[in-house]
Amino acid sequence: MQIEIATLFPEMCEAVLSTSIIGRARTKGALTVNCHQIRDYTTDKHNRVDDSPFGGGMGMVMQAQPVYDCWKAVLAQSELPTHTIYLSPKGKTLTQQRVRELAEMPRLFLLCGHYEGIDQRVLDKIVDEEISIGDYVVTGGELPALILTDAVARMCENVLPSPDAYTEESHFSGLLEYPQYTRPEVWEGEAVPPVLLSGHHKNIAAWRAEESQRITAERRPDLWAKWSNK
């Protein structure tokens, strides 16, 4: 998997992507993530990448030219088919199912907007899909791009120890995950459920399945309804 992130703040992205599981995956070559500075591609003598919006309004809009030239330059660096995503509150909400589909693609180009957004003309020209991380707005596309990168990367081969590390977690099967416990067996007067100490794998699996269903029905009736209908 190869992920390209086009942003005005590559140092912000690198600070996150160079640490923990994703950082280790990059170091050992299980995953390639490159951060590209859109400002490097502007032709403006003052190094500007934005201007005021036509029609008036608050804020500034990122210009089409530097975004387009960045995209062209990055795509030319590899012959891999590339799927271009614009992180936007107007996009379809990201789901685990979409993450699974994106993880099967060889190369992603993630475009991070800022200010009041990006000139629509370049979005119409290069973007294959717009994705939102939820029904709220943040100051730029960097955090959504990092979330998408993390969600996709952890499903790629050799990033996590085994597929079990993600197939048993919330949302993968349509249910929320069962509760987890560790030592000590009793903490603040509360004991670990006895079944988890039994060593009986079939009973443990059954308990976990029941707990997943119970928690999903209580907390996310929308997910429970979808899962039940299947």
Side-chain angles (χ1 to χ4, degrees), residues 1 3 16-17 20-22 24-25 30-31 33 81 83-110 127-138 141-183 185 187-188 190-230:
M1 164 62 72
I3 300 177
V16 174
L17 297 171
S20 189
I21 293 172
I22 306 304
R24 291 195 295 272
L31 175 73
V33 184
H83 186 73
T84 299
I85 299 170
Y86 175 46
L87 285 307
S88 164
K90 294 187 289 186
K92 291 184 178 180
T93 304
L94 184 63
T95 64
Q96 187 63 45
Q97 177 58 37
R98 189 57 184 146
V99 168
R100 292 170 68 173
E101 294 164 354
L102 294 174
E104 296 296 323
M105 297 182 180
R107 193 180 191 216
L108 301 177
F109 182 97
L110 308 184
V127 171
D128 297 306
E129 177 181 13
E130 293 192 19
I131 288 180
S132 167
I133 58 168
D135 294 336
Y136 52 90
V137 178
V138 293
E142 286 73 25
L143 291 176
L146 292 172
I147 289 172
L148 178 56
T149 298
D150 188 280
V152 168
R154 64 193 302 277
M155 299 191 68
C156 295
E157 188 175 1
N158 297 323
V159 173
L160 296 180
S162 77
D164 289 346
Y166 58 78
T167 57
E168 293 190 8
E169 291 193 343
S170 293
H171 297 290
F172 188 87
S173 65
L175 296 173
L176 301 182
E177 190 180 7
Y178 48 82
Q180 297 278 13
Y181 300 87
T182 188
R183 292 177 177 81
E185 292 180 18
W187 178 81
E188 293 287 314
E190 295 292 330
V192 173
V195 66
L196 299 179
L197 308 176
S198 68
H200 195 299
H201 298 299
K202 185 175 181 180
N203 289 349
I204 291 172
W207 179 86
R208 286 174 168 172
E210 290 171 2
E211 285 296 293
S212 287
Q213 294 176 39
R214 178 185 64 80
I215 291 172
T216 305
E218 288 178 358
R219 302 182 186 181
R220 290 292 303 272
D222 56 326
L223 295 179
W224 174 249
K226 290 180 182 178
W227 186 85
S228 300
N229 289 335
K230 289 182 180 179

- Message: Once side chain to side chain contact (heavy atoms under 4.5 Å, CB included) is applied, do any residues pair with Ala153, and if so which ones, sequence neighbours excluded?
- Response: Ile22, Leu31
- Query: Quick one: are Pro144 and Val138 in side-chain contact, heavy atoms under 4.5 Å?
  - Reply: yes
- Note on the structure: Rounded to the nearest 0.5 angstrom, the OH-CZ distance for Tyr178 and Arg208 is 4.0 Å
- Item | Atom pair CG (Leu223) and CD (Gln96), whose distance is rounded to the nearest 0.5 Å | 11.5 Å
- By side-chain hydrogen bond (donor to acceptor under 3.5 Å, both in side chains) - contacts of Thr84 (at least two apart): Trp71
- Message: Just to verify, what does Thr149 make a side chain to side chain contact (heavy atoms under 4.5 Å, CB included) with, not counting sequence neighbours?
- Response: Ile3, Ile5, Leu17, Val33, Leu110
- Any side-chain heavy-atom pair of Leu87 and Glu142 under 4.5 Å: no
- Query: How would you list, by chain and number, every residue that makes a salt bridge (Lys or Arg N to Asp or Glu O under 4.0 Å) with Asp222, sequence neighbours excluded?
  - Reply: Arg220
- Query: Under 4.5 Å between any side-chain heavy atoms of Leu102 and Ile85, yes or no?
  - Reply: yes
- Item | For the student: nearest non-hydrogen atoms of Ser132 and Gly91, plus distance | CB-O, 3.5 Å
- Mind checking the CG-OG spacing from Leu176 to Ser212? Nearest 0.5 Å is all I need. 7.5 Å
- List for me each residue that meets side chain to side chain contact (heavy atoms under 4.5 Å, CB included) alongside Arg183, sequence neighbours excluded, and say none if there are none. none
- Could you state the interatomic distance from NZ (Lys92) to CD (Glu129), rounded to the nearest 0.5 Å? 7.5 Å
- Task: Tell me, please, which residues at least two apart from Glu210 pass salt bridge (Lys or Arg N to Asp or Glu O under 4.0 Å).
- Result: none
- Query: What are the two closest heavy atoms between Pro81 and Pro106, and how far apart are they?
  - Reply: O-CG, 3.6 Å
- Message: Once salt bridge (Lys or Arg N to Asp or Glu O under 4.0 Å) is applied, do any residues pair with Glu218, and if so which ones, sequence neighbours excluded?
- Response: Arg214
- Note on the structure: Here the gap from Leu146 atom CG to Asp150 atom CG, rounded to the nearest 0.5 Å, amounts to 8.5 Å
- Hey, does Ile133 have a side-chain heavy atom less than 4.5 Å from the side chain of Leu148? no
- Item | Pairwise distance CE(Met1) to CD(Glu157) - rounded to 0.5 angstrom | 12.0 Å
- Considering residues at least two apart in sequence or located in another chain, which fulfil the side chain to side chain contact (heavy atoms under 4.5 Å, CB included) criterion with Asn158? Ala30
- Message: Can you list everything that forms a side-chain hydrogen bond (donor to acceptor under 3.5 Å, both in side chains) with Gln180? Sequence neighbours excluded, please.
- Response: Glu177
- Determine yes or no for a side-chain-to-main-chain donor-acceptor pair under 3.5 angstrom, with Asn229 supplying the side chain and Ala225 the backbone. yes
- With sequence neighbours excluded, residues passing salt bridge (Lys or Arg N to Asp or Glu O under 4.0 Å) with Glu101: Arg98
Contacts table for residues 197-205: side-chain donor-acceptor under 3.5 angstrom, sequence neighbours left out:
unit_1, atom_1, unit_2, atom_2, d
Ser198, OG, Val195, O, 2.7
Ser198, OG, His200, N, 3.1
His200, ND1, Asn203, N, 3.2

- Kindly indicate, with the supporting measurements, whether the criterion side-chain contact (heavy atoms from CB on, under 4.5 Å) is fulfilled by Tyr181 and Glu190. CA-CA 11 Å; Tyr181 300 87; Glu190 295 292 330; over 6 Å; no
- Message: Suppose we screen for ring pair (Phe, Tyr, Trp, His ring centres under 6.0 Å). Which residues come up paired with Trp227, at least two apart in sequence or across chains?
- Response: Trp224
